[in-house]
Amino acid sequence: MPLSEKHDETKTYDDILNAGPPVDQLARDFVTPTELFFVRNHSQIPHLQLDSYRLRVQGLVSRELSLSLDEIKTNFEQRTLVATLQCAGNRRKELVSYKPIDEGLAWDIEAIGTAEWTGLRLGDILTSAGISDETAGHVAFLGLDTLMRDGHREAFGSSIPLDKALGSEVLLAYAMNGEDLPLAHGCPLRVIVPGYIGARSVKWLSEIRVQEDPSDNHFQQVGYKLFPPHINMYNVDYHDGMQLTKLPVNSVIVRPQDRSLLPAGKIMVEGYAMSDGEHEITWVSVSPDGGESWQRAEFLNEPQLWTWQLWRAEFDLPPGTHEFIVRAWDSAANSQPETIASVWNFKGYVNNAWHRVKITLK
Ligand SMILES: Nc1nc2c(c(=O)[nH]1)N[C@H]1C(S)=C(S)[C@@H](COP(=O)(O)O)O[C@H]1N2
Ligand SMILES: [Mo]
């Protein structure tokens, strides 16, 4: 596999697969080739018995369901959507170099990818089960992968609000880029929650539960919560904090890479931008001189919902050191904060500060 593996240096043993594409290969295509799509796992990939696989639908429903893979594929209308998946920890590396962060993978800009997902609508399965109670407010998911926590084995889980779950964009996918979902990406079935942090898109899905409150799973109640910059691991109260849902507007320079040495003259700057998916990216500005002057970037694909926006901007530059900056806006006029200091948080999530790259031209 062309991905390079990433390890959490705070873990004493680490046979958990986490990997991303070489930055040089990132965002070259609008749809990311599957072998270049990042992988983020919190524990070992589960052992699967596809013959006996069942998806259970439980909780505040009129009819509990237990569906085989065959039933999932044949009883529900097949839907396909191109959507971008981004880890909440994307761009954590820049946060770490500003102020240390104790755990988490030091992702650079590669924990993002776009795929064509095929499956069924979560809403169709919920309609088939029937929401039975008006107190229903959230839909919780469990995966087949488990971790030990406080002496108990616990599955990876998350939840999303019922309103989002009923959105036509939220899928249970069994195929990725036209082929069966690969094991690393959640075979045989995973949730795809476009616009939300990747952690809500549970892989190796085993259970869907309709309930009043958000999931009490560790990854909903402790992990993937956002805290302001003055909170740290010593003064944190995990009952506080904001459960992450939608991604903020972001944009990233992919090429040239930071600290490149290149010939002076024409330089093509390229990258991606992404919003909460509900709003298109409408404008990307690139500065070639640390923010003195700005130029509008050209879009490489038609703006669309639920996916990244690829862009490029060309500059003609003399020898010397140059700092490029990128920032984006979406159709709701959301944009990005200027400094890392204003977005730093001790868990290292959703860094969307202006992205900067320094290069030297000879
Ligand atoms: N069951 C399960 N689902 C999971 C995870 C996991 O560890 N276990 N990781 C989540 C996180 S944090 C992200 S960013 C995405 C990554 O999806 P990918 O590996 O297909 O890129 O899967 C999410 N779903
Ligand atoms: Mo993630």
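Whatever order the structure lists ligands and atoms in, that order sets their numbers, starting from 1. As the structure is a computational prediction, the values presented were derived from the model and not from experiment.
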**Prompt:** Hey, does S43 come in under 3.5 Å of ligand 1, counting only N/O atoms on both sides?
**Reply:** no
**Request:** Return yes when atom CZ of R259 has more than 12 non-hydrogen atoms of other residues, nucleotides or ligands closer than 6.0 Å, and no otherwise.
**Result:** no
**Message:** Check this for me: does any side-chain nitrogen of one of E94 and R356 sit under 4.0 Å from a carboxylate oxygen of the other?
**Reply:** no
**Message:** Give me the nearest non-hydrogen protein atom to atom 24 (N) of ligand 1 as residue plus atom name, then the distance to 0.1 Å.
**Reply:** S201 O, 3.0 Å
**Request:** Could you see which bit of L144 sits under 4.0 Å from ligand 1, with heavy atoms only: side chain, backbone, both or neither?
**Result:** neither
**Request:** Give the residue, atom name and distance (to 0.1 Å) of the protein heavy atom nearest atom 12 (S) of ligand 1.
**Result:** Y224 OH, 3.0 Å
**Prompt:** Does R149 make a cation-pi contact with F219, if we ask for NZ or CZ under 6.0 Å from the ring centre and within 45° of the axis?
**Reply:** yes
**Prompt:** Taking N or O atoms only and a 3.5 Å limit, does N41 qualify as a polar contact for ligand 1?
**Reply:** no
**Asked** Which protein heavy atom lies closest to atom 17 (O) of ligand 1, and at what distance to 0.1 Å?
**Response** R190 NH2, 3.2 Å
**Message:** On the six-membered ring of W107, is R91 placed so that its NZ or CZ lies under 6.0 angstrom from the centre and within 45° of the ring axis?
**Reply:** no
**Fill in**
Numbered in order shown, the ligand 1 atoms found under 4.0 Å of a heavy atom of F37 are 21 (O)
**Message:** Tell me the protein heavy atom at minimum distance from atom 8 (N) of ligand 1, and give that distance in Å.
**Reply:** D145 OD2, 2.6 Å
**Asked** At under 4.0 Å between heavy atoms, which part of F38 makes contact with ligand 1: side chain, backbone, both or neither?
**Response** both
**Prompt:** Looking at V202, which atoms of ligand 1 are within less than 4.0 Å of one of its heavy atoms?
**Reply:** 1 (N), 3 (N), 24 (N)
**Asked** Is it true that a side-chain atom of T127 and a backbone atom of G123 form a donor plus acceptor pair closer than 3.5 Å?
**Response** yes
**Message:** Using heavy-atom distances only, which candidate in R200, M176, Q44, K203 approaches atom 3 (N) of ligand 1 most closely?
**Reply:** K203
**Request:** Could you check F315 against F324 for ring-ring contact (aromatic ring centres under 6.0 Å, His included), going step by step and ending with a plain yes or no?
**Result:** CA-CA 10 Å; F315 298 89; F324 290 114; 5.6 Å; yes
**Request:** Would you please classify the geometry between the F346 ring and the F227 ring as parallel, tilted or perpendicular, with 30° and 60° separating the classes?
**Result:** tilted
**Asked** Between R200 and S158, which heavy-atom pair has the shortest distance, and what is it?
**Response** O-OG, 3.2 Å
**Message:** What I want to find out is whether R79 reaches E77 closely enough, with some N-O distance under 4.0 Å, to be called a salt bridge.
**Reply:** yes
**Asked** Which one of G198, A184, G143, A173 has a non-hydrogen atom at the shortest distance from atom 13 (C) of ligand 1?
**Response** G198
**Prompt:** Any idea which atoms of ligand 1 are less than 4.0 Å away from a heavy-atom of W204?
**Reply:** 1 (N), 2 (C), 8 (N)
**Item:** Element-labelled atoms of ligand 1 that are located less than 4.0 Å from some non-hydrogen atom of C87
**Value:** 14 (S)
**Message:** Using a 4.0 Å cutoff against the non-hydrogen atoms of L85, which atoms of ligand 1 qualify?
**Reply:** 17 (O)
**Prompt:** In the protein, what heavy atom is nearest to atom 4 (C) of ligand 1, and what distance, to one decimal place, separates them?
**Reply:** F156 CE2, 3.5 Å
**N-O pairing of K6 and E110 below 4.0 Å** = yes
**Item:** Residues E71, K73: salt bridge by 4.0 Å N-O rule
**Value:** no
**Request:** Among all protein heavy atoms, pick out the one at the shortest distance from atom 9 (N) of ligand 1; state its residue, atom name and that distance to 0.1 Å.
**Result:** R40 O, 3.1 Å
